Amino acid sequence: MTKNAELAAWVDQVAQLTKPARIHWCDGTDAENDAIIAQMLDSGDLIRLNEKTHPNCFLHRSDPQDVARVEHLTFVCTREQEDAGPNNNWLAPEEGHAKVDPLFEGCMRGRTMYVVPYLMGPYGSPYARAGVEITDSPYVVVNMRIMARIGQRALEHIEAGNSIVRGLHSTGDLDPERRFIMHFPDELMIKSIGSGYGGNALLGKKCHALRIASAQARTEGWLAEHMLILGVESPAGETRYIAAAFPSACGKTNLAMLVPPAEFDGWKVWTVGDDIAWMHLADDGQLWAINPEAGFFGVAPGTSLKTNPNCMNTLGRNAIYTNVAVTPDLQPWWEGMDGDKPAELIDWQGRPHDPANGPAAHPNARFTVAASQCPSFSPQGDAPAGVPISAIVFGGRRSTVAPLVFEALDWSHGVFAGAAMASETTAAATGKVGQVRRDPMAMKPFCGYNFADYWQHWLGFGPKSGKLPRIFHVNWFRKDDNGRFMWPGFGDNMRVLEWVLERCAGRAEAVKTPIGYVPEAGALNLDGLDLDRKTVQDLLSIDPRVWHEEIDQIEAYFATYGERLPQALRDQAARIKAALEDQLAA
Ligand code: OXD
Ligand code: MN
C-alpha cells in the first residue's frame with residue numbers, strides 16, 4: 001500500500017476495472033522474488049536451467065505469436081495527430097482509451113495484480129524518474145526487477161512527491177487481434193494489453209524511458225535516446241565516454257561490452273548502458289548521460305565468447321532466458337554460440353529440434369540480466385550525475401552506401417546525419433527482415449512525438465554550448481560484391497572508436513568530403529588486421545553518384561514531414577548535393 005492518495009486511487013480504479021483475485025504491492029526484496037519464481041516454476045511459466053552450469057537461471061517460453069515488439073499495434077495518443085507525426089500510429093486520447101479500456105474489463109479475473117513501483121536511473125540521481133507498472137504477469141515482475149530499480153526505495157521516491165508515469169499492463173488473452181501498446185504522453189500514461197513480450201510489456205523500457213521520456217525531454221530541454229553508453233580508458237588511465245545509437249539487434253550490446261584487440265594493449269572499454277541514454281546539458285556546458293536501466297535485455301543469438309566475451313561472462317548466473325533452445329541437460333543454447341551444435345536440442349517452442357522447423361532458438365530470443373554482473377560494468381555506471389559524453393555515434397546496418405565511419409562537419413550536420421539514418425530491419429520487431437528503412441537516430445519505433453519537432457529539438461542544442469559532443473556515423477555492415485562483410489566488427493570496432501576519440505581530441509587526420517570527414521589513409525590503426533588496401537579503400541569510399549541518389553531518397557523521406565521539417569535539414573541536404581554535383585562535374 002501507499003501513502004500517496006493519488007496512486008492508491010489509481011490502483012483501486014484499475015482493480016475495479018480488471019477484477020484481480022488479489023493485489024500484491026512489490027517491495028523488490030529477494031524473498032518476494034523467490035516466492036514469485038517458485039510459483040512460476042510450479043505453473044510451468046519458468047523452467048529452472050542446469051543449476052551446476054547456470055546457477056539461478058531460468059527459461060521462459062513465450063506464446064509463439066508473441067515474440068517481438070509490435071510496431072503496427074503501438075500508438076501515440078496526442079490531442080493533435082500532427083504532434084504524433086507521420087512516424088507514429090496515432091489515435092486521439094479518448095479514442096485510444098476507448099479502444100483498450102474494454103479489453104481490460106475483468107482481464108485479471110483469477111490472477112494476481114502486481115503493483116510495481118520503479119525508478120529509471122540511479123538512486124539519488126537528479127535525472128532519475130519514477131513509474132508504477134500494474135501488471136498481471138509475474139514474468140514482467142521478475143524481469144522488471146532486473147531491468148529497473150523496483151520496490152520500496154522507488155515507492156519512497158514517489159511518496160516524496162515526485163511525479164510518476166503510470167503503466168497498466170495485462171497479457172489479456174494474448175490474442176494478436178486484441179493487442180495494443182498505447183501511450184498518452186500528456187497524461188504520463190501507458191496502457192499495454194495482449195502481449196507478454198519484453199518491449200511491449202516491460203513498460204519501464206521502451207514505453208516509459210523512450211516514448212514518454214522523449215516527449216518529456218522535449219518540453220524540459222533534455223534528450224531521451226536509444227543509445228548505449230560506453231567509456232574508453234586509454235593506457236594513460238584517461239576515460240572518455242561515447243553514446244551510440246543503433247537500431248534494434250545491430251550490435252549495441254556487443255559494442256557496449258567491447259574487448260579491444262590484442263594490439264590495443266592497456267586500453268579498456270567500460271559499459272555504462274547498452275540500450276538507452278538520458279542526456280542533460282550540465283552547467284559545465286557538456287552533455288552528461290545516465291543509463292536509466294539497471295539490466296540488459298539483450299538478443300541471445302549471435303552472442304558468443306568470440307563476439308562478446310563480457311556478455312557471456314555476465315550471463316551464466318541469475319539470468320532469465322526467453323525463447324532460447326536448451327540442451328537435454330538444460331543448458332541454454334542459441335545459434336552462433338561457441339562450439340559445435342549439440343546433436344540433441346529442445347527448440348524455443350519446447351519441441352525436439354528439427355532444422356525443418358527453423359532455428360532452435362528464436363532469432364529474437366533474449367536474456368535478462370543485471371548490468372552490475374557484467375565484468376566491464378563501469379565504476380561510473382551508477383553515478384548519479386552520469387558521465388560526460390565526448391562523442392555521439394549514429395550507425396545503421398547498410399550492406400552498401402555508408403562508409404565505415406565519417407564525422408559530421410558540425411552539430412547541425414550531425415543532426416542531419418542522425419535524421420538521415422537508414423538500416424536493414426531485424427527480428428526485434430515483427431515484420432519483414434532485411435528491408436532498408438529510414439530509422440532516424442534509431443528512434444523510429446521509439447520517438448513519442450513528431451520527428452520533425454524532435455529534430456528541431458536536437459538542432460536547438462547547437463547554439464547552447466561550445467562543448468557539445470562531436471557527431472559521427474558508422475557502418476559495421478558493409479558487404480563486398482560477394483555478399484561478405486568487409487569489416488571484421490566486434491572487438492575490432494575499437495579501431496574506429498580510437499579514431500573517433502582522437503578526432504575529439506583534435507588529433508587524428510581526416511579528409512573532408514561532401515558527406516563529412518573520413519579517416520585519412522593510415523589514420524585508422526589497422527595493425528594486426530588482415531585487410532588488404534583495396535578493402536580498406538572500399539570501406540572508406542564515398543561514391544558521389546550513389547550518395548546523390550541517397551540524398552534524393554533522404555529528401556523524399558524528409559518531405560513526408562511537410563512544412564514542419566526544420567529548414568536546417570533541407571539546407572544540409574542541398575549543401576551536400578551541390579558538393580556532390582561539383583565532384584561529379586570535376
Ligand atoms: C530492444 C529493442 O529490445 O530495441 O532493445 O528492440
Ligand atoms: Mn533497443
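Given the structure is predicted, the values throughout are model-derived calculations rather than measurements. One-based numbering, in listed order, for ligands and for the atoms of each.
- When distances from the Mn ion (ligand 2) to the N, O or S atoms of H226 are compared, NE2 comes out shortest.
- Donor-acceptor pairing under 3.5 Å is recorded for the side chains of D274 and T253.
- Side chains of R111 and T171: a donor on one and an acceptor on the other come within 3.5 Å.
- Of all atoms in ligand 1, listed by their number and element, those nearer than 4.0 Å to a heavy atom of H226 are 4 (O).
- Here the rule is side chain to side chain contact (heavy atoms under 4.5 Å, CB included) with F416, and of F558, W411, W455 only F558 fits it.
- Below 3.5 Å of separation, one finds an N or O of K206 facing an N or O of ligand 1.
- Residues H280 and W288 keep their aromatic ring centres 6.0 Å or farther apart.
- If you look at F296 next to ligand 1, there are no close heavy atoms at all, none under 4.0 Å.
- Taking the centre of each ring, Y118 and H208 come in below the 6.0 Å mark.
- Interface atoms of ligand 1 facing S248, defined by a heavy-atom separation under 4.0 Å, are 2 (C), 4 (O), 6 (O).
- Atoms of ligand 1 lying under 4.0 Å from at least one heavy atom of F446, given by number and element, are 4 (O).
- Taking the six-membered ring where the residue is Trp, Y449 and Y454 present perpendicular rings, their angle passing 60° and hence far from 30°.
- Closest to the Mn ion (ligand 2) among the N, O or S atoms of D275 is OD1.
- Here K206 meets the criterion, with an N, O or S atom under 2.8 Å of the Mn ion (ligand 2).
- Of all atoms in ligand 1, listed by their number and element, those nearer than 4.0 Å to a heavy atom of D275 are 5 (O).
- Each of L202, T368, N33 was scored for a side chain to side chain contact (heavy atoms under 4.5 Å, CB included) with I146, with one residue passing: T368.
- Counting heavy atoms only, R366 comes closest to atom 3 (O) of ligand 1 of the residues K252, E293, R366, R69.
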